[in-house]
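Below is one structure, written out as structure tokens; the observations come after it.
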Amino acid sequence: MAAAEAAAVVLSCLKPDPAPVPESAGTAAATAATSSAMAAAAAVAAAARTGSEARVSKPALATKLLSLSGVFAVHKPKGPTSAELLNRLKEKLLAEAGMPSPEWTKRKKQTLKIGHGGTLDSAARGVLVVGIGRGTKMLTSMLSGSKRYIAIGELGKATDTLDSTGKVTEEKPYDKITQEDIESILQKFTGNIMQVPPLYSALKKDGQRLSALMKRGEEVEAKPARPVTVYSLSLQKFQPPFFTLDVECGGGFYIRSLVSDIGKELSSCANVLELTRTKQGPFTLEEHALPEDKWTIDDIAQSLERCSSLFPAELALKKSKPEESNEQVLSCEYITLNETKGEDDVIKTL
């Protein structure tokens, strides 16, 4: 309904009662009724304009979405995989910009890229770094920076996945292990060390992930030990059978392997019960990771602006005007998103 028509309806509905009233009272009543009607009509007209502006703003939002470029961080909860979370983020951005689902436009030219660096296990939570636009090219450098985790390990149980999501494969006593025992061995896992990656991981054999092969019941050989770096490692709490570690490490390091190795070093076994990544590169969970209710075009644009100062000059993206293309100005239907080449090109499971 047009604003004028809606106002006319409001005016019609709010006509003063025809019953006779004293002239002075009638004048006042008529004035009041007219004022109410005018206010209501103005409100309807404003609502109509707002709705129109909202519709008009969709192409503007799509253009703004396509102009986003850089690296920011989101808060990944427990449950979804990193890839599933990225898809959820893309869907929210597409919906806000009024853009069609990628499935509808597979044959159209893809004009915006979005990807993540540093995979978190589905059972883990914390900082997940996301690159958008030209920022996807920065994700590899994100993997070389340090990462920090809070891990809660459970003594006495080993699992096939090395965390609480797997099947228990072994149980050993732990009642004689003390806090001093744990603290005394942590030095062995600090600095430049060798580590065997877990079988359930994103590492590949013949082009297929080891975790996928394991889930299908295929026999998989462990990857050889490889050099990794642990910058700091401390015991935060010990309440048997649980112990809490604060770990800062380099890329390619597996917290699950660390906890399992600590259990073996104590002549027992252990698995990861809870895992939270509190820092990746310059991004921290408290300061930079956007919760899901902040996954909007405006919030991400503001986060990109704030986070641009976190990078060295050689990594910072220069501000530039959005690339011009027919897809950006003709119709949102010609715009879709694309992930980076592949997870293992820029992403490692930690």
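Worth knowing before you read on, the calculation uses all heavy atoms, side chains too, and leaves out hydrogens, waters and symmetry mates. A quick note: this is a predicted structure, and the numbers were derived from the prediction, not measured.
Annotation for Gln179 and Leu235: closest pair CG-CD2, 3.5 Å, computed over non-hydrogen atoms. When all heavy atoms of Ile297 and Ala97 are compared, the closest pair comes out as CD1-CB, 4.0 Å. Taking both residues in full, the closest heavy atoms of Gly252 and Val228 are given as O-CG1, 3.8 Å, listed atom of the first, atom of the second, then distance. Annotation for Gly135 and Val71: closest pair O-CG2, 3.5 Å, computed over non-hydrogen atoms. Contact between Lys64 and Ala301 at its shortest, heavy atoms only, is CE-CB, 4.0 Å. The minimum heavy-atom distance linking Gly156 with Tyr174 is given by the pair CA-CD2, 3.8 Å.
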key: CA sep, side-chain torsions, deciding dist, call: Thr159, Lys167, side chain to side chain donor-acceptor pair (under 3.5 Å)   = CA-CA 5 Å; Thr159 68; Lys167 296 179 181 178; over 6 Å; no

request  = Would you please test Ser234 and Gln236 for side chain to side chain donor-acceptor pair (under 3.5 Å) and show each step?
outcome  = CA-CA 6 Å; Ser234 61; Gln236 300 296 301; 2.8 Å; yes

inquiry  = Checking Ile114 against Leu86 for the side chain to side chain contact (heavy atoms under 4.5 Å, CB included) test, could you report, in this order, the C-alpha distance in whole Å, the side-chain angles of both residues, the deciding distance, and whether it holds?
reply    = CA-CA 8 Å; Ile114 186 168; Leu86 186 69; 3.9 Å; yes

request  = Output, in order, the C-alpha distance, side-chain angles, deciding distance and verdict of side chain to side chain contact (heavy atoms under 4.5 Å, CB included) for Gln195 and Phe253.
outcome  = CA-CA 8 Å; Gln195 184 187 69; Phe253 186 81; 3.2 Å; yes

inquiry  = Before you tell me yes or no, could you show the steps for Asp163 and Thr165 under side chain to side chain donor-acceptor pair (under 3.5 Å), namely the whole-Å CA-CA distance, both residues' side-chain angles and the distance that decides it to 0.1 Å?
reply    = CA-CA 6 Å; Asp163 65 15; Thr165 66; 2.5 Å; yes

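With hydrophobic clusters built from ILVMFWY side chains whose heavy atoms lie under 4.5 angstrom apart, Ile255 does not share a cluster with Leu162. In the hydrophobic clustering of ILVMFWY residues, with side-chain heavy atoms under 4.5 Å counting as a link, Leu233 and Phe243 come out together. Residues Ile152 and Val272 do not share a hydrophobic cluster, defined by chaining ILVMFWY side chains whose heavy atoms lie under 4.5 Å apart. Residues Leu285 and Leu310 share a hydrophobic cluster, clusters being chains of Ile/Leu/Val/Met/Phe/Trp/Tyr side chains in contact below 4.5 Å. Both Leu304 and Trp295 belong to a common hydrophobic cluster when Ile, Leu, Val, Met, Phe, Trp and Tyr are linked at side-chain heavy-atom distances under 4.5 angstrom.
Under a 3.5 Å cut-off, the side chain of Ser257 and the backbone N or O of Pro197 do not form any donor-acceptor pair. Remark: side-chain polar atoms of Glu248 are not paired, donor with acceptor, to backbone N or O of Lys279 under 3.5 angstrom. With hydrogens and angles disregarded, a donor-acceptor distance shorter than 3.5 Å links the side chain of Ser184 to the backbone of Glu180. Judged by distance alone, with hydrogens and angles left aside, the side-chain atoms of Ser260 form no donor-acceptor pair with the main-chain N or O of Asn271 at under 3.5 Å. Of the possible polar contacts, none joining the Arg125 side chain to the Gly79 backbone as a donor-acceptor pair under 3.5 Å is found. In this structure a side-chain-to-backbone donor-acceptor pair under 3.5 Å is missing from Arg148 to Thr278. Thr136 places no side-chain N or O within donor-acceptor distance of the main-chain N or O of Ile132, the cut-off being under 3.5 Å. Without hydrogens or angle criteria, Glu84 side chain to Thr81 main chain gives a donor-acceptor distance under 3.5 Å. Between the side chain of Ser303 and the backbone N or O of Ile300, no donor-acceptor pair lies under 3.5 Å.
Contact of the Glu265 side chain with the Phe189 side chain is registered, since non-hydrogen atoms from C-beta on lie closer than 4.5 Å. In this structure the side chain of Lys113 never reaches within 4.5 angstrom of the side chain of Arg134, judged on heavy atoms. Residues Val127 and Thr284 form no side-chain contact, since every pair of their non-hydrogen atoms from C-beta on lies 4.5 Å or further apart. Here the side chains of Cys269 and Lys264 are not in contact, with every heavy-atom distance at 4.5 Å or above. Side-chain contact between Leu273 and Phe242 is present, with heavy atoms from C-beta onward closer than 4.5 Å. Taking the side chain as every heavy atom from C-beta outward, His116 and Leu139 never approach each other to under 4.5 Å.
Going from atom CD1 of Ile182 over to atom CG of Leu155 covers 5.5 Å, rounded to the nearest 0.5 Å. In this structure, CD1 in Ile193 is found 11.5 Å from CZ in Arg226, a value given to the nearest 0.5 Å. Rounded to the nearest 0.5 Å, atoms CG (Leu89) and CZ (Phe72) are 5.0 Å apart. Remark: Leu65 CG to Lys90 NZ distance equals 11.5 Å, nearest 0.5 Å. Atoms CG and NZ, from Leu275 and Lys78 in turn, are 10.0 Å apart once rounded to the nearest 0.5 Å. In this structure, NE2 on His288 lies 10.0 Å from CG on Leu290, to the nearest 0.5 angstrom.
Using a cutoff of 4.0 Å between basic side-chain nitrogens and carboxylate oxygens, Glu96 and Lys58 are not scored as salt-bridged. Ion pairing of Lys157 with Glu170 is absent here, as no side-chain N (NZ or NE/NH1/NH2) approaches a carboxylate O to less than 4.0 Å.
With Arg256 as the partner, the side-chain hydrogen bond (donor to acceptor under 3.5 Å, both in side chains) test is satisfied by one option alone out of Thr161, Asp121, Asp261: Asp121. Partner of Ser82 under the side chain to side chain contact (heavy atoms under 4.5 Å, CB included) criterion, chosen from Leu128, Val130, Val74: Leu128. Each of His75, Lys92, Lys76 was evaluated against Glu292; a single residue qualifies, Lys92, per the side chain to side chain contact (heavy atoms under 4.5 Å, CB included) test.
Side-chain contact check for Asp160 and Thr169: no donor-acceptor pair (N or O, by modelled atom type) lies under 3.5 Å.
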